[in-house]
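Just below is one structure, and these are the notes that go with it.
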Number of protein chains: 2
Amino acid sequence: MTKQTNRSDCPINLSLEAWGDKWSLLIIRDLMFEGKRTYGDFLKSPEKISTNILAARLKSLQEVGIIVASGSPDRGTKGYHLTQKGIDMLPMMLEVYLWTEKHYPIPEHVQTILTKVKADKAGFAAAAALRLQSSDNDAS
Amino acid sequence: MTKQTNRSDCPINLSLEAWGDKWSLLIIRDLMFEGKRTYGDFLKSPEKISTNILAARLKSLQEVGIIVASGSPDRGTKGYHLTQKGIDMLPMMLEVYLWTEKHYPIPEHVQTILTKVKADKAGFAAAAALRLQSSDNDAS
DNA sequence: CCGCATCCCTATAGATACTG
DNA sequence: CAGTATCTATAGGGATGCGG
């Protein structure tokens, strides 16, 4: 039942079909920068995603291979994390941050980080990617 | 009537509220890389946007300041073009292209261009931006 | 004919209540 | 806590209308 839309083979369109909705990038943000892992974590984000949408997005992001679910451990809490394909969205996400910073007022603590990003974009991305890759197999 | 949602002040969210739907980035792509300008041009794109959606997106993209409409010239054809805010989306758009290239089969002619992009990302973006800025006040 | 606006209808998004 | 069920709202497709 994996949706087989493919309005066109344009890369922009293929990207939109993978994560082009109002919520997917927020989940990716949470996984990428906020250290969130569980269904409950995502629900707590300030945008207040509703439970059915969250479940649907988690499913579709798994279907397109951007995230994977780690089988629920002892405590019964299932965790999600980014695949390499998801981690590869980092440069794009950083550009989204930088575009927004240029055209909207954004929270000060984000500004602070973005100053570092601008100083060494590739370095920041590499360090963040390493951190995400190592968390692929952590326990707690 | 400019929508004042603002689910949060997170930059990712602010971006999503500006262009986070299934169509806006395709219009921006057409303006940025395909040299398209008119309503009819956009309709001809392979994704086959319908007329009411196109009109709605052109309106919302103007409201958020990503595009502007140039008053219809002699022949009665209104043109649109990117504002500086829209042109500033170039680095992000390039990263979208690069991400897709890495994870999906894409058309060969796009591959060719992306090879150049990877060789000199900043240079490519600067050249493209210059071209877009100069087209702000062209006639034909 | 071109650039939209409108209407109708269907499909999907999304809020809320509820269940294993 | 992690989802499903149900219901409503909005996005979107397609045809059509209408002014320039």
Side-chain angles (χ1 to χ4, degrees), chain A residues 1-8 12-13 16-28 30-31 35-64 67-81 140, chain B residues 1-8 13 16-27 30-31 36-64 67-81 139-140:
Chain A
M1 194 73 71
T2 308
K3 205 182 301 181
Q4 189 64 19
T5 322
N6 265 56
R7 301 180 295 189
S8 82
I12 299 292
N13 181 56
L16 286 173
E17 291 183 4
W19 47 258
D21 62 87
K22 293 253 180 229
W23 296 103
S24 292
L25 286 188
L26 296 175
I27 296 173
I28 293 166
D30 284 350
L31 287 165
K36 302 200 175 183
R37 286 269 139 55
T38 70
Y39 190 95
D41 286 341
F42 304 132
L43 279 184
K44 282 174 212 137
S45 290
E47 293 85 10
K48 295 282 147 213
I49 190 170
S50 53
T51 61
N52 56 341
I53 304 299
L54 176 56
R57 291 300 174 277
L58 288 172
K59 189 179 168 195
S60 76
L61 287 172
Q62 287 177 76
E63 285 174 354
V64 300
I67 69 174
V68 283
S70 14
S72 42
D74 325 328
R75 295 197 299 264
T77 308
K78 194 188 324 193
Y80 297 90
H81 64 266
S140 86
Chain B
M1 193 73 72
T2 307
K3 205 182 300 182
Q4 188 65 21
T5 321
N6 266 53
R7 302 179 294 188
S8 81
N13 181 56
L16 286 174
E17 291 183 4
W19 47 257
D21 62 86
K22 293 255 179 226
W23 295 105
S24 291
L25 286 188
L26 296 175
I27 296 173
D30 284 349
L31 288 166
K36 303 199 175 183
R37 288 274 141 55
T38 70
Y39 190 93
D41 287 343
F42 304 133
L43 279 184
K44 283 174 211 137
S45 290
E47 294 85 9
K48 297 281 147 211
I49 191 170
S50 53
T51 61
N52 56 342
I53 305 299
L54 176 56
R57 288 302 173 277
L58 288 172
K59 189 178 168 196
S60 78
L61 286 173
Q62 288 177 75
E63 285 174 354
V64 299
I67 69 174
V68 283
S70 12
S72 42
D74 324 330
R75 294 198 301 265
T77 308
K78 193 192 313 194
Y80 296 90
H81 63 265
S140 85

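Reminder, nothing fancy here: chain letters follow the sequence lines and each chain counts from 1. Only a predicted model underlies this, so the values are computations on that prediction, with no experimental measurement involved. Below, all heavy atoms of this structure are taken into account, side chains as well, without hydrogens, waters or symmetry copies.
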How many angstroms lie between CG in B:Asn13 and CG in A:Leu25, if you round to the nearest 0.5 Å?
-> 10.5 Å
Looking at every strand, decide which applies to A:Phe42 at a 4.0 Å heavy-atom threshold: base, sugar-phosphate, or nothing.
-> nothing
Output every pair passing salt bridge (charged side-chain N to carboxylate O under 4.0 Å, His left out) with a member in residues 40-52 of chain A, not counting sequence neighbours, ordered by first then second residue.
-> A:Arg29-A:Glu47, A:Asp41-A:Lys44
When you look at A:Arg57 and A:Leu26, which way does the side chain to side chain contact (heavy atoms under 4.5 Å, CB included) test go after all the steps?
-> CA-CA 10 Å; A:Arg57 291 300 174 277; A:Leu26 296 175; over 6 Å; no
Counting side-chain heavy atoms from C-beta on, which of C:dA15, C:dG3, D:dA2 comes nearest to B:Tyr39?
-> C:dG3
Is any side-chain heavy atom of B:Trp23 closer than 4.5 Å to a side-chain heavy atom of A:Leu16?
-> no
Among all residues two or more places apart in sequence or in another chain, which pass the side-chain hydrogen bond (donor to acceptor under 3.5 Å, both in side chains) test with A:Lys36?
-> A:Ser45
Hey, could you give me the CD1/OG distance between B:Ile53 and B:Ser24, rounded to the nearest 0.5 Å?
-> 10.5 Å
Has A:Arg57 got a side-chain N or O lying under 4.0 Å from the OP1 or OP2 atom of C:dG14?
-> yes
Smallest separation among heavy atoms of B:Val68 and B:Gln62, with atom names = CA-CG, 4.5 Å
Residues of residues 46-56 of chain A with a heavy atom under 4.0 Å from any atom of DNA chain C, listed by number, are A:Ser50, A:Thr51, A:Asn52, A:Ile53
Can you list the residues that meet the salt bridge (Lys or Arg N to Asp or Glu O under 4.0 Å) rule with B:Asp30, with sequence neighbours excluded?
-> none
Tell me, do B:Phe42 and B:Leu31 make a side-chain contact under 4.5 Å, heavy atoms counted?
-> yes
Quick one: A:Lys78 NZ to D:dG3 P, roughly how many Å, whole number?
-> 4 Å
A:Asp21 CG to D:dG12 C1', straight-line distance once rounded to whole Å | 15 Å
Whole-Å distance separating the CD1 atom of B:Ile27 from the C1' atom of C:dC4 | 13 Å
Considering just the side-chain nitrogens and oxygens of A:Tyr80, establish if one lies under 4.0 Å of OP1 or OP2 belonging to D:dG3.
-> yes
Can you find a side chain N or O atom of A:Trp23 that sits less than 4.0 Å from OP1 or OP2 on C:dA13?
-> no
Go through A:Asp21 and B:Asp21 one step at a time and tell me if the side chain to side chain contact (heavy atoms under 4.5 Å, CB included) criterion holds.
-> CA-CA 5 Å; A:Asp21 62 87; B:Asp21 62 86; over 6 Å; no
For the pair made of CZ in B:Arg37 and P in C:dC4, what is the distance, rounded to whole Å?
-> 15 Å
Partners meeting side-chain hydrogen bond (donor to acceptor under 3.5 Å, both in side chains) with B:Thr51 (sequence neighbours left out) | none
Restricting both atoms to N or O, compile the protein contacts to nucleotides 17-20 of chain D shorter than 3.5 Å, with distance only.
none

Rounded to the Å, how far apart are B:Leu16 CG and C:dG14 P?
-> 11 Å
Hey, what bend do you get for the helix from C:dC1-D:dG20 to C:dG20-D:dC1 if you fit axes on five pairs at each end, rounded to 10°?
-> 30°
Let me know the distance between CG of B:Leu43 and P of D:dG14, rounded to the nearest Å.
-> 12 Å
Verify side chain to side chain contact (heavy atoms under 4.5 Å, CB included) between A:Tyr80 and A:Ile27, making sure each step is shown before the conclusion.
-> CA-CA 10 Å; A:Tyr80 297 90; A:Ile27 296 173; over 6 Å; no
Euclidean distance, atom CG of residue A:Leu58 to atom P of D:dT4 [Å, nearest integer] = 11 Å
